Novice: 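Quick one: the structure is below, questions incoming.
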Amino acid sequence: MTVSNASPAAPDRAPVLQARGLRRVFRVPRTADRPSGELVAVDDVSFTLPCGGSLAIVGESGSGKTTVARMLVGLDTPTAGDILIDGEPAGPRARSRTQRRIRARKIQMVFQDPYGSLDRRQTVASCLDEILRVHFDLSAEQRVARVAELADLVGLDERMVRGRPTALSGGQRQRVAIARALAAEPDVVILDEAVAALDVSIQAQVLNLLADIRDRTSISYLLISHDLAVVRQLCEEAIVMHCGSVVECGPTDRILDDPQHPYTQRLRASVPGPGWVPGAAPQPSETRAGEPT
Amino acid sequence: MIRFLLGRLVGLLLTLWISSFVVFAALYLAPGDPISFLTGGREVSPLTLAELRHQYQLDQPFLVRYADWLGGVLHGHLGQSIVAHQDVSTLIGARAQTSALLVGYAAVLIILGGIAAGTIAALFKGPLDSGITLGTTVGLALPSFVTAIALISVFAVDVRWFPVFGDGSGLLDRLWHLTLPAIALAVSSSALIARITRGALREELGREHVETARSRGIPRRKILRRHVLRNGMIPVTTVAGITVAGLVAGSVVVERAFNLNGLGSFLVQSVAANDFPAVQAVVLLMVAVFVILSTVVDLLYPLIDPRMARGGTQ
Amino acid sequence: MTELLTVEDLRVALPVQGQMRTVIHQASFAIGPGEALGLIGESGSGKSMTARAVGRLLPAGAQVSGQIMFDGEPVLELAGAALRRYRTTDVAMIFQDPRAHINPVRTIGDFLTEGLRSTLGMRRRDADRKAVSLLAEVGVEDGERRLRQYPHQLSGGLLQRVMIASALVANPRLLLADEPTTALDVTTQSEVMGILDRLRRDHGVAMLFITHDLELATAVCDRISVLYAGTVVESQDAESLHAAPRHPYTAALLASRPSLTVRARRLPVIGGRPLAAFEAPEGCAFTERCRWASPVCEEGRPAPETHDHGQVNCHRTTELGILGSEAVVTEPVIAEPDKSSVQSRGQQP
Amino acid sequence: MTTLTLRRRALPRVARTDPGLGPVGWTAIGVIALLALIAVLAPWLAPHDPNNISLLDANLGSSGDHLLGTDASGRDLLSRLLVGARSSLIGPLLVVVLATALGLTVAIVSAWLGGWVDAVVSRILDILFAFPGVLLAVLVVAVFRAGLGAAVAALVIAYIPYIARTVRSAALREKSQPYITALTIQGVGAPAICVRHILANLMPLIVAQSTLTFGYAMVDLAAVSFLGLGVQPPTADWGVMVSTGQPSILNGYPQESLYASALIVLAVGAFNILGDRFTERSQRSTR
């Protein structure tokens with residue numbers, strides 16, 4: 001498993017991650033609104049993440065963006081469609097430990113909740129060490145050195161590394177989660193609403209950190225987010241999902257400055273900013289009565 | 001709603017059926033041979049032995065005997081007592097009344113006393129709360145037989161307000177006789193219910209929707225009645241249901257302590273005498289009552305918690 | 001202008017595990033009739049507790065000092081029937097999480113009409129009629145059916161509309177809205193915020209709007225107060241606060257939020273983390289994160305300085321004046337890249 | 001998704017200082033330690049042979065020779081109480097250790113695997129739930145003859161569903177935490193996740209639960225012995241002593257039942273109080 005230090009946009013390299021026609025259908029109890037007993041969570045989703053690139057999947061709750069992420073990391077099986085990693089089809093679902101480890105060296109994930117995403121009884125050092133032991137054959141001293149290196153990369157000092165997450169703030173915990181994702185030296189990190197739960201001043205720090213890491217490595221980001229400003233800051237490309245389908249895709253700047261699809265327009269118009277009037281965003285047709293969930 | 005009811009009913013029947021099998025199989029596998037009891041240890045001719053075995057159907061294969069027994073149970077024939085040479089149903093009848101009365105009496109004490117004490121402790125912080133909390137801590141540590149012994153030693157020797165032994169006759173007299181046993185049976189369970197009630201109400205008092213009600217100027221009394229007590233009763237009902245159902249088993253100990261002629265004493269006697277058909281019948285009956293009572297509580301649940309009304313989870 | 005609500009030198013301490021812990025150091029602000037004031041702050045700044053202090057909803061054992069006047073009445077001294085009347089008809093609170101703040105075992109109708117029936121003595125039929133008309137105002141059709149439903153049968157956005165309707169049902173003069181749209185999706189937030197904003201103006205209700213979102217507050221509020229570590233550090237007209245912040249914290253907060261329209265090469269960052277009120281040091285609480293900090297900042301809490309558009313609590317405000325985004329310290333978050341490649345290191349034997 | 005922000009800003013963040021067990025909790029630990037010490041040293045502490053019958057000395061009051069007097073058969077009560085601590089404490093200990101070990105294994109495995117395994121396990125636990133402990137003990141004793149072993153075995157089975165239910169729901173909660181998902185994605189093996197993370201995080205809860213279970217087991221075992229189906233006379237055991245002393249109460253000699261009862265209540269109370277303290281702490285640690 002060689003990790004190249006090639007320049008981020010090496011044109012000859014296959015896309016690091018590709019999805020083709022992903023579809024996921026869940027079986028749910030039959031109800032009056034859903035007589036088929038089927039819920040199409042994700043429908044025909046395709047995208048390409050170039051090596052060293054960054055792509056955002058934008059959507060609100062129920063858009064299917066989280067289901068896409070779960071399929072990419074092998075936690076869930078697509079009903080149809082393919083996932084290609086480095087141009088090669090990934091197995092439908094990483095069931096065995098070995099398959100998971102192989103995929104973990106390719107794709108990692110950072111979660112939204114800075115409080116639940118770390119084991120509260122495990123020190124930061126031991127958390128990182130555990131991952132290193134899973135993936136690499138390193139001696140104890142090498143692992144200690146690598147843990148220090150990772151901590152340094154995400155801006156955690158030694159005292160924090162020796163402590164438990166309970167002693168850390170939300171932003172610091174999110175740094176640990178990022179270090180844990182980087183420990184496996186993946187090609188892609190999926191950021192699942194990774195800055196959504198943070199205070200504004202901390203969010204900026206973490207966004208800068210993510211940008212710095214990308215500058216210094218050939219890593220690619222797949223950002224799952226509902227926050228258009230964060231998407232603009234972090235990603236060059238974006239796809240917009242609504243009710244399981246991709247409604248728009250393209251360069252982030254184009255999507256945000258000149259949205260084409262009515263849903264994207266509504267999403268864009270819903271974000272408060274200078275001159276914004278609440279409730280002035282184009283309303284969807286009267287269907288959005290908010291039926292029982 | 002119908003599906004929910006049917007589901008619970010099927011679950012109940014399944015549990016009862018499996019319980020009956022377990023009860024029957026356990027005693028079938030028992031190493032002690034009822035025949036040796038029947039013969040009283042005397043040498044008997046193989047012919048007599050065979051006849052005895054036939055009479056009590058001990059010569060049939062296991063499943064046949066189980067089917068026979070289950071069929072009988074379904075028709076109300078609980079089998080023949082080996083010791084009393086009588087139908088077990090007859091032996092149980094009168095005793096079951098005593099036990100039912102005892103359990104019912106104790107259940108009333110537990111629910112009224114426990115919920116009242118718990119509510120008071122939850123609403124009145126300070127000495128009243130500390131006193132009740134101390135009381136429940138002590139109460140929880142009091143096994144029913146210890147309470148029974150304490151009551152006996154007080155009322156049999158020092159003051160004689162309540163009768164200490166015997167069942168009495170006629171409903172009032174029987175209740176009179178059952179007062180001390182019911183108290184003995186109720187003490188630790190009341191303490192448990194009081195504690196659960198206190199915890200549930202305290203938790204409810206701190207809930208956000210109670211804050212909402214306060215923010216709208218609803219008078220405290222109304223908040224307590226309409227929001228705190230109403231919602232707090234949901235967890236209390238669950239625990240109270242299981243606790244009351246559990247009294248069926250707990251009564252065994254109390255009946256023994258007070259020499260009451262109920263199902264429990266009968267069960268203990270039958271175990272001591274290796275009277276397997278009787279043991280089978282009583283255990284099955286008690287399990288059935290326990291399971292039915294807990295199912296009834298389950299069925300009550302949607303009535304007090306509308307979130308459950310749409311057929312289970314969320 | 002006579003103010004509807006004035007809060008002066010509010011200080012609140014709560015008992016935490018037997019010790020009193022300050023959650024608000026010094027909060028002063030005022031709201032005129034029909035006016036909307038935004039209260040901005042990060043976690044631990046004490047903004048929620050400020051709203052609760054105004055609504056007299058602080059937890060038992062809270063120590064409160066300072067003064068809260070509502071229409072000339074001292075709110076902190078209200079008790080008994082007067083307090084209930086204040087809560088019923090003067091102020092109404094909209095909470096962040098309607099799912100938790102509406103009793104799950106009672107119907108929507110009960111929730112909406114409880115106040116009308118039990119404190120205003122309205123008859124059930126009249127109360128129901130009023131509830132249905134209010135539901136229509138917040139954009140909930142078929143109100144009759146909704147009244148019979150339970151909270152778990154409604155989506156979050158719908159439930160928050162019900163909450164807004166319930167807040168308006170008794171015609172209050174002041175709304176206390178505690179992050180009313182934070183838990184909602186962006187598009188739902190826009191709808192719900194639009195409804196809240198319109199109804200508030202239609203009914204002429206004043207509002208204390210608690211949020212962490214400066215852009216949102218700027219859009220819906222007339223004035224904004226910024227809270228940091230339990231202290232109001234700046235109050236201004238919404239537009240001018242957004243355009244011309246005077247407190248370094250406000251300026252930094254405005255700058256560090258990524259923009260919807262422009263990608264920054266690096267976001268201007270405030271170093272460190274937001275302090276909770278109880279952690280605040282003796283001097284200005286923002287000192288250790290402030291680019292303009294000087295020794296004078298550690299000498300006692302800054303007093304409010306009044307200017308044309310509002311007030312600011314900063315020791316150096318006369319020197320600094322209006323601050324642009326350069327007010328923000330751009331701290332290197334990580335050390336300079338001295339290692340050849342982070343990724344290749346773990347590969348070494 | 002967006003619900004997360006709710007929790008973060010509900011109340012000012014509070015440093016979680018552990019207030020410890022408090023004086024009451026430490027007293028409970030002291031009582032338990034003392035009783036355990038007595039159980040271990042009983043043969044050396046007992047002034048008399050606990051089974052030495054001397055009908056001439058029946059129902060003596062306390063005296064220099066018999067500090068707590070004698071029972072109806074003239075046996076020294078102090079010695080019987082001291083020696084009785086052994087069976088009275090070892091029984092519940094066995095029940096707790098076995099029931100907890102089995103219950104938590106079943107719970108964690110079924111919570112982790114989920115699906116049909118979990119469904120079947122839950123169903124079986126429901127059925128086991130239908131047998132109250134004392135009743136199951138009576139049934140087992142009917143099959144295997146009276147004795148401590150049979151009663152312990154029965155209670156182990158009866159307690160498994162209670163322990164398994166609590167642990168299972170806690171394990172499901174833990175399993176749903178994102179850090180478990182993170183570990184799964186990393187390819188950390190299921191046994192490692194279950195033991196090093198889920199079990200480790202459930203430990204405070206399990207300790208609290210076991211402590212409370214000890215109290216329940218003690219009550220139930222003493223009840224079975226009281227019924228004459230557990231520990232068999234003449235072996236000294238507190239539950240048996242409550243029962244054998246009962247006839248003497250009516251003759252005005254309540255001491256045997258009284259002392260034995262008092263010891264049971266003391267022990268059960270100590271375990272209950274300690275269990276409550278542990279429960280409070282475990283709830284705090286999960287917040």
Side-chain angles (χ1 to χ4, degrees), chain B residues 1 4 121-126 128-130 197-198 200-238 297-314, chain C residues 48 51-52 54-61 78 80-108 110-120 148-153 159 162-163 166-170 172 175-176 178:
Chain B
M1 194 62 202
F4 172 73
L123 301 187
F124 300 94
K125 297 185 179 170
L128 212 49
D129 177 26
S130 318
T197 307
R198 178 180 177 275
L201 296 187
R202 277 283 163 90
E203 189 171 342
E204 214 56 52
L205 274 170
R207 279 277 156 81
E208 287 94 339
H209 69 82
V210 173
E211 187 186 26
T212 314
R214 275 205 299 148
S215 81
R216 308 153 109 203
I218 312 273
R220 183 177 152 87
R221 267 170 169 287
K222 278 217 157 128
I223 295 180
L224 291 182
R225 186 165 49 84
R226 292 174 51 87
H227 298 286
V228 177
L229 290 178
R230 171 71 175 76
N231 294 40
M233 280 310 121
I234 295 172
V236 173
T237 308
T238 320
V297 174
D298 270 2
L299 293 179
L300 284 176
Y301 224 72
L303 295 182
I304 55 171
D305 189 351
R307 285 164 294 183
M308 303 292 291
R310 275 152 61 101
T313 48
Q314 280 290 1
Chain C
S48 260
R52 279 174 171 72
V54 173
R56 285 290 305 272
L57 288 169
L58 290 171
L78 294 176
L83 177 59
R84 274 207 304 281
R85 204 217 58 242
Y86 170 70
R87 285 171 172 168
T88 312
T89 56
D90 291 342
V91 297
M93 188 132 179
I94 299 172
F95 296 94
Q96 176 182 11
D97 180 6
R99 185 96 37 214
H101 274 100
I102 300 180
N103 190 342
V105 309
R106 297 213 170 261
T107 60
I108 299 298
D110 191 276
F111 175 70
L112 282 170
T113 60
E114 183 180 25
L116 292 180
R117 287 188 287 130
S118 71
T119 56
L120 300 180
R148 290 192 303 273
Q149 284 188 310
Y150 286 96
H152 70 273
Q153 295 169 305
L159 219 48
V162 170
M163 177 72 97
S166 87
L168 292 170
V169 83
L175 280 180
L176 306 170
D178 184 8

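Just so you know, these numbers use all the heavy atoms, side chains as well, and skip hydrogens, waters and symmetry mates. Fair warning: this is a prediction, and the values are worked out from it, not measured in the lab.
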Novice: Using the rule given for side chain to side chain contact (heavy atoms under 4.5 Å, CB included), can you reason through R106(C) versus H209(B), listing the C-alpha separation, both sets of side-chain angles and the distance that settles it, and then say yes or no?
Specialist: CA-CA 11 Å; R106(C) 297 213 170 261; H209(B) 69 82; over 6 Å; no

Novice: Checking S118(C) against chain B: side chain, backbone, both or neither under 4.5 Å from a heavy atom?
Specialist: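 Answer is both: backbone and side chain atoms of S118(C) are under 4.5 Å from chain B.
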
Novice: What part of I102(C) gets closer than 4.5 Å to chain B, counting heavy atoms only: side chain, backbone, both or neither?
Specialist: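 For I102(C), backbone heavy atoms alone lie under 4.5 Å from chain B.
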
Novice: Would you say the side chain of N231(B) lies within less than 4.5 Å of the side chain of P104(C), judging by non-hydrogen atoms?
Specialist: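 The answer is yes; the side chains approach within 4.5 Å.
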
Novice: List, one per line, each side-chain donor-acceptor pair under 3.5 Å for residues 215-226 of chain B, sequence neighbours excluded.
Specialist:
unit_1, atom_1, unit_2, atom_2, d
S215(B), OG, T212(B), O, 2.7
R216(B), NH1, F111(C), O, 3.0
R216(B), NH2, F111(C), O, 2.5
R226(B), NE, E114(C), OE2, 3.0
R226(B), NH2, D110(C), OD1, 2.4
R226(B), NH2, D110(C), OD2, 2.5

Novice: With H101(C) as reference, evaluate R207(B), E208(B), E211(B) under the side-chain hydrogen bond (donor to acceptor under 3.5 Å, both in side chains) test and give the passing residue.
Specialist: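 Passing option: E211(B).
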
Novice: Heavy-atom cut-off 4.5 Å, strictly under: side chain, backbone, both or neither for A92(C) against chain B?
Specialist: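 Neither part; nothing is under 4.5 Å.
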
Novice: Who wins among V105(C), T88(C), V91(C), T89(C) for the most heavy-atom pairs under 4.5 Å with chain B?
Specialist: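 Option with the greatest count: V105(C).
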
Novice: Could I get the full list of side chain to side chain donor-acceptor pair (under 3.5 Å) partners for D298(B), not counting sequence neighbours?
Specialist: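 Only R8(B) meet the side chain to side chain donor-acceptor pair (under 3.5 Å) criterion with D298(B).
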
